[in-house]
Amino acid sequence: MFRNWPTEHKGYQESVNRLKPHFGQLWKDVGIYDMINLCKASMPIAKHYIMGASLFWSTAVHCFCFKFGMMTVTLLDMPAILNIPVIGERISPNLDAEVPTFKLSKAQRSYGPFVKLFMGEEHYKPDVREHIAFLAFFIAKFIICTSSFRVTTDCFTLATALAEGRKCNLGEFMLAHLYRSLNKIAPHGDNRVFQCPSGPLWVLQLWLALYFPELFEVGPQIKAELCGYQLIAAGTRLPHVLDVLEVFTNSIRASELFCPILSLKYLPSWLFVAWDCEDTDEARADPWLKLGGQYWGSSLKSRNLISGLEYSRSSIEAYCPNYVAHQFGYNQGIPCPLLISINNRGTYEPSIEDYPDLQFILRLNRAYLPPHL
């Protein structure tokens with residue numbers, strides 16, 4: 001049922017090894033270096049974990065409504081697990097880039113033929129065109145996880161922006177696609193035939209491994225590596241979906257399990273930094289520290305996330321950290337309603353119709369977000 005689940009891909013691994021010496025520093029600058037390397041690993045799927053968790057998913061507030069309290073994948077989880085940015089240029093249908101001409105047939109856009117078509121010969125230095133094609137494949141297979149198994153047109157737009165060295169908010173974009181995917185598989189009370197949704201559901205499995213140690217056998221964290229490496233290699237503990245449901249319907253849960261990032265052996269340097277850290281000696285010595293306040297500020301702000309780069313295929317997904325304050329180490333009060341969401345309760349999926357519609361949403365967000373976010 002999850003045919004587009006990312007699997008180990010020999011062509012992808014060869015492309016990473018070929019391009020890394022030439023573009024590795026650019027990948028670090030835009031914040032995708034670690035995730036590109038992480039995606040070289042095999043990702044076995046635990047279907048009963050994904051389907052079990054989806055039974056508790058609320059499409060209204062994009063949270064899992066477990067018996068012990070609401071939880072969700074937050075923007076702070078994205079850099080902690082994948083080391084991708086949650087600040088920078090917003091990825092939306094407004095994103096513009098001078099995309100080189102790629103005249104491809106439907107068959108050539110399929111993953112296998114696409115990689116063979118654009119991988120350069122070993123003795124030749126890779127050019128910008130090959131780099132953009134690789135990033136487009138990376139976006140299609142691991143970020144959007146297209147259900148068509150093809151590299152779509154919008155992947156080239158984002159790939160070109162990244163190849164130009166533009167720092168895009170990849171964490172927000174990826175989380176929006178994850179929410180959208182969960183909305184499609186969550187039960188709504190009507191009898192439906194399950195269809196394979198697009199979206200990075202593999203990130204949900206890593207998140208479950210981080211927050212629910214009773215579900216996974218997670219190995220020790222390796223120094224200088226983000227926790228995504230240990231999570232992707234985690235083995236499952238429970239064999240059946242009924243065992244998984246029993247975990248989620250438990251009414252008691254230790255408080256430290258709501259914020260497992262604080263228990264990691266090797267913590268990201270930006271995690272404990274306050275908003276006014278940029279002028280300190282420590283921040284000047286470690287550039288990552290400057291991201292601390294911005295990452296926290298972005299992660300704690302309720303707003304609408306945008307998934308998609310084309311108006312006809314984009315949607316709005318509500319981000320509600322006010323429902324899961326305990327995941328940030330704070331006390332959880334009675335949740336307030338999200339003021340700026342346009343999501344309707346039920347199966348309706350809100351979409352962005354045109355440029356004025358998108359501008360209206362962005363103006364609403366500016367009322368709630370600091371200028372630098």
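This structure is a prediction, so every number in the text was calculated from the model and none was measured.
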Does [X], at its [atom1] atom, have more than 12 non-hydrogen atoms belonging to other residues, nucleotides or ligands within less than 6.0 Å?
| X | atom1 | answer |
| --- | --- | --- |
| Asn331 | CG | no |
| Lys40 | NZ | yes |
| Glu256 | CD | yes |

Set of side-chain contact (heavy atoms from CB on, under 4.5 Å) partners for Pro321, sequence neighbours left out: Ser302, Tyr319, Phe328
With sequence neighbours left out, the residues meeting side-chain contact (heavy atoms from CB on, under 4.5 Å) with Arg129 are Pro100, Phe102, Phe118, Asp127
So, does [X] use its side chain to make a donor-acceptor pair with the main chain of [Y] at under 3.5 Å?
| X | Y | answer |
| --- | --- | --- |
| Ser181 | Leu178 | no |
| Gln205 | Leu231 | no |
| Thr160 | Phe156 | yes |

So, for Phe64 and Phe56, is the gap between ring centers shorter than 6.0 Å? no
Centroid-centroid distance, Tyr49 to Phe216, less than 6.0 Å: yes
Sequence neighbours excluded, every pair satisfying side-chain hydrogen bond (donor to acceptor under 3.5 Å, both in side chains) that has a member inside residues 131-153: Trp27-His131, Tyr111-Thr146, Thr152-Asp154
side-chain hydrogen bond (donor to acceptor under 3.5 Å, both in side chains): which pairs involve residues 209-218, sequence neighbours left out? Asp77-Tyr211, Tyr211-Gln327, Glu214-Arg253
Taking only residues two or more places apart in sequence or in another chain, which ones pass ring-ring contact (aromatic ring centres under 6.0 Å, His included) with Phe258? His326
ring-ring contact (aromatic ring centres under 6.0 Å, His included) partners for Phe149, two or more places apart: none
Partner of Trp207 under side-chain contact (heavy atoms from CB on, under 4.5 Å), picked from Val73, Thr72, Thr74, is Val73
Please work out whether the ring planes of Phe138 and Phe134 are parallel, tilted or perpendicular, with thresholds of 30° and 60°. parallel
Going by the angle between their ring planes, with limits at 30° and 60°, are Phe137 and Phe142 parallel, tilted or perpendicular? perpendicular
The test is side-chain hydrogen bond (donor to acceptor under 3.5 Å, both in side chains); show your working for Gln25 and Asp29 and say whether it passes. CA-CA 6 Å; Gln25 186 56 52; Asp29 293 340; 3.1 Å; yes
Scan side-chain atoms only and decide if Arg180 and Ser314 contain a donor-acceptor pair under the 3.5 Å cut-off. no
